[in-house]
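Contents: one structure, followed by commentary.
Here, residue 1 is the first one in the sequence, and each next residue gets the next number. No hydrogens, no waters, no symmetry mates; every other heavy atom, side chains included, goes into these values.
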Amino acid sequence: MSNEIEIGRGKRARRVYTFDEIGIVPTRRTRDPELVSTAWSIDAFQFDIPVLGAPMDSVMSPAAAIALGELGGLGVLNLEGLWTRHEDPEPLLAELATVDDELAAVARMRELYAAPIQAELITARLGEIRDAGVTVAGALSPHRTAQFTETVVNAGVDLFVIRGNTVSAEHVSQEGREPLNLKQFIYELDVPVIVGGAATYQSALHLMRTGAAGVLVGFGGGASSTTRATLGIRAPMASAIADVAGARSDYLDESGGRYVHVIADGGLGTSGDLIKAIACGADAVMLGSTLAKASDAPGRGWHWGQEAHHEDLPRGKRVQVGSVAPLAQIVNGPANVADGSANLIGALRRAMATTGYSELKEFQRVGVVYAER
């Protein structure tokens with residue numbers, strides 16, 4: 001049965017689904033949450049929990065990346081943010097948290113992010129994370145990647161993240177500007193690469209063929225993104241993840257057994273969203289606003305992405321998310337609220353136990369239902 005619907009006589013659309021429209025269903029078997037494993041691995045790196053901290057200044061500082069790493073996750077540092085533009089960004093982050101007027105906040109952010117990226121600060125920040133003994137990950141946008149790759153690799157990064165609103169394997173640039181050749185770049189790099197976002201089967205398949213170790217699904221930003229309002233682009237995450245998981249399966253056959261990890265990125269506001277992302281086929285999730293709610297997050301109760309201060313066309317905003325609990329409690333509990341904003345891994349364990357699954361790869365096979373609203 002086709003899932004296409006008619007918008008009008010001249011346009012048809014495919015029916016897709018958000019996390020709010022689906023749910024997981026129990027099986028005939030249950031188990032104790034203590035018997036559940038939430039571990040996963042990518043390339044040679046093992047993690048206790050399937051959580052990546054989004055490379056956003058309100059979410060990840062070197063200290064926050066270290067803390068998440070010690071909790072068993074992976075913090076990804078934004079290598080184009082305040083931490084690589086300013087010697088001491090802490091007073092600047094504190095200042096941004098006190099600006100009430102949104103226009104004034106955007107103007108101040110544009111000033112702060114206009115400072116040049118300093119290669120020596122990239123080296124210092126990644127070195128700080130490495131010295132703590134956790135896995136080191138840093139992110140660049142596609143148009144900055146070639147410029148700072150050597151610096152990032154020499155700093156000892158373990159996982160290289162190329163993250164943009166939309167990243168394709170076939171980007172067309174204006175004359176005189178050489179586009180990033182992802183396939184060549186990844187082939188020549190001696191570091192595993194995670195790249196995205198992608199939101200369709202075909203775009204994800206093309207990214208997998210470049211040799212990427214992981215593909216980000218979605219446009220990032222989530223709560224702080226206004227891409228839907230400004231550009232009209234939308235990719236409901238339940239369907240997007242399932243489509244990209246389908247590409248992973250087909251590429252596994254095409255490549256003769258090469259597994260590319262699928263990482264959901266954006267629109268994951270609660271533990272229920274995290275659980276449903278994995279149920280739809282994600283191996284892990286990249287969290288922004290959910291971790292920005294930590295009382296020890298660098299955003300101090302505020303959250304924003306790089307699109308919020310774009311000089312020509314802002315596609316995001318600074319949003320007040322508040323503070324729920326320390327990072328450790330948001331990840332592992334105990335939760336003091338019942339809205340899915342804390343004890344994310346405890347909720348994942350209980351969902352897996354309730355539906356009878358003991359490992360994340362098995363849980364990707366859980367039954368899913370659609371409830372029409």
Original post:
Hey, does L268 have a side-chain heavy atom less than 4.5 Å from the side chain of F19?
Top reply: yes
**OP:** Look at the side chain of E80 and the backbone N and O of R144, then say whether any donor-acceptor pair between them is shorter than 3.5 Å.
**Re:** no
**OP:** Answer whether the closest heavy-atom distance between the side chains of I122 and V152 falls below 4.5 Å.
**Re:** yes
Subject >> Gap separating the CG atom of L327 from the OG atom of S295, nearest 0.5 angstrom >> reply: 8.5 Å
**OP:** Could you tell me whether K183 atom NZ has more than 12 heavy atoms of other residues or ligands within 6.0 Å of it?
**Re:** no
**OP:** Using the rule that two of Ile, Leu, Val, Met, Phe, Trp, Tyr join whenever any of their side-chain heavy atoms come within less than 4.5 Å, decide whether Y201 and V16 are in one cluster.
**Re:** no
Original post:
Are the side chain of S249 and the backbone of G246 linked by a donor-acceptor contact shorter than 3.5 Å?
Top reply: no
**OP:** State which residues pass salt bridge (charged side-chain N to carboxylate O under 4.0 Å, His left out) with E188; sequence neighbours excluded, sorted by chain then number.
**Re:** none
Original post:
From T149 OG1 over to F160 CZ, what is the distance, rounded to the nearest 0.5 angstrom?
Top reply: 4.0 Å
**OP:** Mind running side-chain hydrogen bond (donor to acceptor under 3.5 Å, both in side chains) on D20 and T18 for me, showing each step along the way?
**Re:** CA-CA 5 Å; D20 288 341; T18 66; 4.9 Å; no
Original post:
Can any side-chain N or O of D158 pair as donor or acceptor with the backbone N or O of A137 at less than 3.5 Å?
Top reply: no
**OP:** Please round to the nearest 0.5 Å and tell me the distance separating atom CE of M352 and atom CD of E359.
**Re:** 7.5 Å
**OP:** Indicate if L82 and V99 have the same hydrophobic cluster label, given that clusters are the connected sets of ILVMFWY residues with side-chain heavy-atom separations under 4.5 angstrom.
**Re:** no
Original post:
Rounded to the nearest 0.5 Å, how far does CG of L344 lie from CZ of R349?
Top reply: 13.0 Å
Original post:
Going by heavy atoms in the side chains, are I42 and P192 under 4.5 Å from each other?
Top reply: no
Subject >> Salt-bridge contact R14-D243 (side-chain N to carboxylate O under 4.0 Å) >> reply: yes
**OP:** Step through the shown structure and confirm whether more than 12 heavy atoms of other residues, nucleotides or ligands are within 6.0 Å of CD on E150.
**Re:** no
Subject >> Gap between atom CE of M60 and atom CG of L68 - 0.5 Å precision >> reply: 5.0 Å
**OP:** Please identify each residue that fulfils side-chain contact (heavy atoms from CB on, under 4.5 Å) with R300, with sequence neighbours left out.
**Re:** E90, L93, A94, A97
**OP:** Please answer whether the main-chain N or O of A235 pairs with a side-chain N or O of S239 as donor and acceptor at a distance below 3.5 Å.
**Re:** no
Subject >> L121 side chain near R85 side chain, heavy-atom distance below 4.5 Å >> reply: no
**OP:** State whether the number of non-hydrogen atoms from other residues, nucleotides or ligands found under 6.0 Å of R15 atom CZ is greater than 12.
**Re:** yes
Original post:
Quick one: are L348 and L360 in side-chain contact, heavy atoms under 4.5 Å?
Top reply: yes
Original post:
With a 4.5 Å heavy-atom cut-off, do V319 and S289 have their side chains touching?
Top reply: no
Subject >> Within one Ile-Leu-Val-Met-Phe-Trp-Tyr cluster: F45 and I162, side-chain cutoff 4.5 Å >> reply: yes
Subject >> Side-chain donor/acceptor of T145 to backbone N/O of S141, under 3.5 Å >> reply: yes
Original post:
Same hydrophobic cluster for L159 and Y259, using side-chain heavy-atom links shorter than 4.5 Å among ILVMFWY?
Top reply: no
**OP:** State plainly whether one hydrophobic cluster holds both V368 and Y370, where clusters connect Ile, Leu, Val, Met, Phe, Trp and Tyr through side-chain heavy atoms under 4.5 angstrom apart.
**Re:** yes
**OP:** Could you walk me through whether S58 and W302 pass side-chain contact (heavy atoms from CB on, under 4.5 Å), step by step?
**Re:** CA-CA 7 Å; S58 55; W302 291 87; 5.8 Å; no
